[in-house]
Amino acid sequence: MNLAYKIFWAFISLGVVTVWGLTLNGIVHKIFARVQGRLGPPVWQPFLDIIKNNSIRTAISHGVMFYLGPVFRIAGGIGTYMFIPVLFGSVYFSNFSMSGDVLLVMYFIFFGQLGMALGAGEGGHPYSAIAVSRGLAQMTAFEVPFALSVISLALQYKTLSITEIVAAQQGSFLNWTLFTNPLAVIAAMIAMLGMNMYNPFSLVIAPQEIPIGPPTEYQASFLGLLATNRGIFGGAKLVLFMNLYFGGATNLVELIVKTFWIYMLSVFVGAAYPRFRTEDSIRFFLKYPTALGIISVLLFSL
Amino acid sequence: METLYKELKQYFDVDEFSVQKASLAFLRVPKSQLVSLLTHMKDIRGYTHLVMVTCVDYLEQDSFLLTYLLHNYSTHCDLGIQVSISRQNPVMDGIHHLWEQGRVYQRELFEMFGIDFPGSPDVHEPMILEGWQGPPPMRRDFDTKAYSEATYSHRPRDHKEPEEYMKQQLYPED
Amino acid sequence: MSDIEIKDNPDIKSELQTPPEPGYSEWRKDENTLYNDGLPEEEKDWFCDARPQKARKSVQVIENFLNWARSQSLWILAFGTGCGAIELRPLVTSRYDISRLGMQPRPTPRQANLIMIGGYVSIKTLKRIVRSYEQMQGPKFVVAVCSCAINGGMYWDSYNTVKRIDEYIPVDVYVTGCMPRPEAVLAGFNKLKELIKAGKAEGQNLYIERFDWYKENQKKVIKDWNMPDYNW
Ligand code: SF4
């Protein structure tokens with residue numbers, strides 16, 4: 001398959017994951033609303049919000065970095081996604097996974113957040129700065145168990161390429177990392193709770209105290225871009241977790257079912273639990289999940 | 001309360017003692033003795049909580065009546081200490097050194113009644129009425145209706161007067 | 001929005017059409033520039049002194065679609081000025097639940113489309129309202145809840161409460177009552193949605209069109225004007 005063809009299919013798969021990520025967002029809002037006994041917004045509400053935000057007639061910018069914040073963010077989202085094979089064995093939905101490995105993907109996960117931090121900082125709103133510092137602190141903390149779990153995986157499968165990791169898990173569901181290396185999976189799933197920023201770890205976006213977190217100053221199409229990225233980035237993360245720990249997917253239906261249930265873990269936890277303070281959540285991440293991660297690394301290195 | 005009044009009587013010129021109920025009483029003290037009485041009440045009698053400071057404008061007697069309401073946490077009694085000051089020269093000693101929150105009441109009293117408290121921090125800063133230029137609005141000789149009519153435009157009624165309308169509806173023959 | 005207001009309220013029409021004063025008043029340098037007189041000298045260059053410009057609309061067909069999207073996704077800046085704002089809390093609870101209409105509260109004016117004036121407006125609050133309203137990115141809509149915002153209500157003779165909020169910012173929908181029930185507020189929101197879908201809620205452009213008139217009114221009651229003339 002030549003390169004132009006590959007790029008074309010990468011765009012299509014990007015579109016698919018955006019739509020799926022945004023739909024998941026809508027479903028999550030619906031679920032939260034039902035848990036609270038409300039009807040909740042329609043499932044397609046995220047799409048309406050994006051159209052609305054992009055149709056705002058005026059916009060305020062605070063400088064170059066302010067522009068670049070959302071751009072970095074969405075670049076991080078797309079970058080994360082582009083190096084993940086979406087469907088195992090499919091020539092169409094494998095993006096550029098032949099040229100990158102899981103470390104590159106982890107770097108891209110970090111990259112978007114950092115760009116956003118710079119951009120939000122230039123917005124000059126004190127709440128953005130508070131939220132950014134909280135967010136970066138928490139991100140550094142949950143990155144530790146996640147990185148340990150990836151190291152454990154690398155030791156287990158003797159490779160860093162995502163495609164090969166998925167290939168090693170094929171066959172029966174007992175080959176999934178979930179069953180062959182459960183400690184690493186638990187550590188990584190807890191890290192994912194932090195990544196998705198639902199309830200125990202939602203202080204970063206703190207909907208009540210520091211209104212809406214880093215994007216406090218972002219409006220109009222900036223916000224539309226950020227909301228689109230939520231779909232892409234959220235979808236990319238889920239696909240990555242599915243590939244690393246749950247045996248990947250060989251067709252779109254399997255992908256949808258698996259990512260849905262992976263996401264539901266953080267949603268169920270989020271709907272049921274109150275919130276950690278930043279220092280508590282950092283302490284939490286550096287305690288149990290990190291310990292699990294270290295044990296799993298030791299198990300496979302001995 | 002009665003005994004408290006009798007004991008206070010030995011040190012201060014308190015009078016006009018009135019008991020409202022078992023746990024609430026008022027008494028009046030001359031302006032010059034107010035701060036020493038409040039200090040006495042706070043340090044010795046256990047009235048450690050300043051509930052509020054209010055003012056009543058007695059236009060006819062040409063005076064403001066300030067009320068300092070104190071609360072005693074051990075007996076759960078309230079004591080209102082009243083002091084009458086002249087309307088022509090409304091200056092009063094501050095109590096912000098006794099209770100930190102006193103300065104907020106003093107700012108408010110300055111803003112609303114024009115009572116000055118020399119030395120009280122920020123007392124001349126606007127608190128609620130930012131950019132107010134008229135006379136202090138809570139004084140009784142300030143006509144708030146006339147002021148409001150002169151300053152803010154009124155929306156005229158664009159339907160019927162309710163009184164007329166209901167009359168026509170209910171008693172059309174009158 | 002303009003023609004609705006004027007059609008329904010004959011008295012507003014006469015007043016809205018008072019010609020702006022000849023020449024430039026002290027807060028306007030020329031056609032496109034403001035003086036920002038209220039600011040201290042060293043802060044003046046922190047703020048933009050350009051006069052706001054009318055926002056362009058797109059082609060009618062696209063605009064209709066966008067208006068529909070806007071009406072389906074209203075983000076509220078709930079400005080709890082008075083007691084009427086207490087009615088906003090029930091609106092997000094399970095009983096009334098505005099989120100099913102696609103509305104959600106947004107705590108920052110930058111991201112909100114709809115500012116709710118919840119009750120009486122004192123001078124001190126009016127200043128904040130003007131500021132928040134101007135910081136919103138538009139098309140922006142205003143819903144004023146409570147009698148106090150309409151004609152002063154029970155504060156009709158108060159020394160510190162403005163009686164007609166529509167002299168200071170353009171209002172799209174009023175909800176009467178002291179205080180209105182949440183159902184009434186919901187009905188107000190639905191009315192606003194109809195207006196938006198019909199393309200009649202153009203408060204932002206009206207504000208800029210009559211910018212001089214609104215500014216004169218605002219400056220008349222806000223005596224210590226210590227903010228920029230237009231808060232970007
Ligand atoms: S109309 Fe009634 S409820 Fe509403 S702000 Fe006025 S007094 Fe309060």
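Below, chains carry the letters A, B, ... as their sequence lines are ordered, and counting in each starts from 1.
- Annotation: maximal heavy-atom pairing with chain A below 4.5 Å, among C:K57, C:M103, C:K140, C:M136, occurs at C:K57.
- Residues C:W75 and A:K52 have side chains in contact (heavy-atom distance under 4.5 Å, counting atoms from C-beta outward).
- Under the 30°/60° scheme for interplanar angles, the aromatic rings of C:Y207 and C:Y230 are found to be tilted.
- With rounding to the nearest 0.5 Å, the separation of SG in C:C148 from CD1 in C:I165 is 11.5 Å.
- When heavy atoms are compared at a cutoff of 4.5 Å, C:Q135 does not approach chain A at all.
- Residue pairs meeting the ring-ring contact (aromatic ring centres under 6.0 Å, His included) criterion with at least one partner in residues 95-126 of chain C, sequence neighbours excluded, are C:Y120-C:Y155.
- Between chain A and the residues C:P52, C:S73, C:S94, C:S71, the largest count of heavy-atom pairs under 4.5 Å involves C:S73.
- Scored by the side-chain contact (heavy atoms from CB on, under 4.5 Å) test, C:R95 finds C:T93 as partners (sequence neighbours excluded).
- The greatest number of non-hydrogen atom pairs below 4.5 Å with chain A, out of C:Q72, C:R100, C:Q204, C:R110, is found for C:R110.
- Within the 4.5 angstrom heavy-atom criterion, only side-chain atoms of A:L223, from C-beta onward, approach chain C.
- Ionic pairing of C:K127 and C:E134 is not present here: no N-O contact between side-chain nitrogen and carboxylate oxygen is shorter than 4.0 angstrom.
- Between chain C and the options A:D49, A:I56, A:I51, the largest number of non-hydrogen pairs under 4.5 Å is found for A:D49.
- Only the side chain of A:N53 comes within less than 4.5 Å of a heavy atom in chain C; its backbone stays farther off.
- Only the backbone of A:Q36 comes within less than 4.5 Å of a heavy atom of chain C; no side-chain atom from C-beta onward does.
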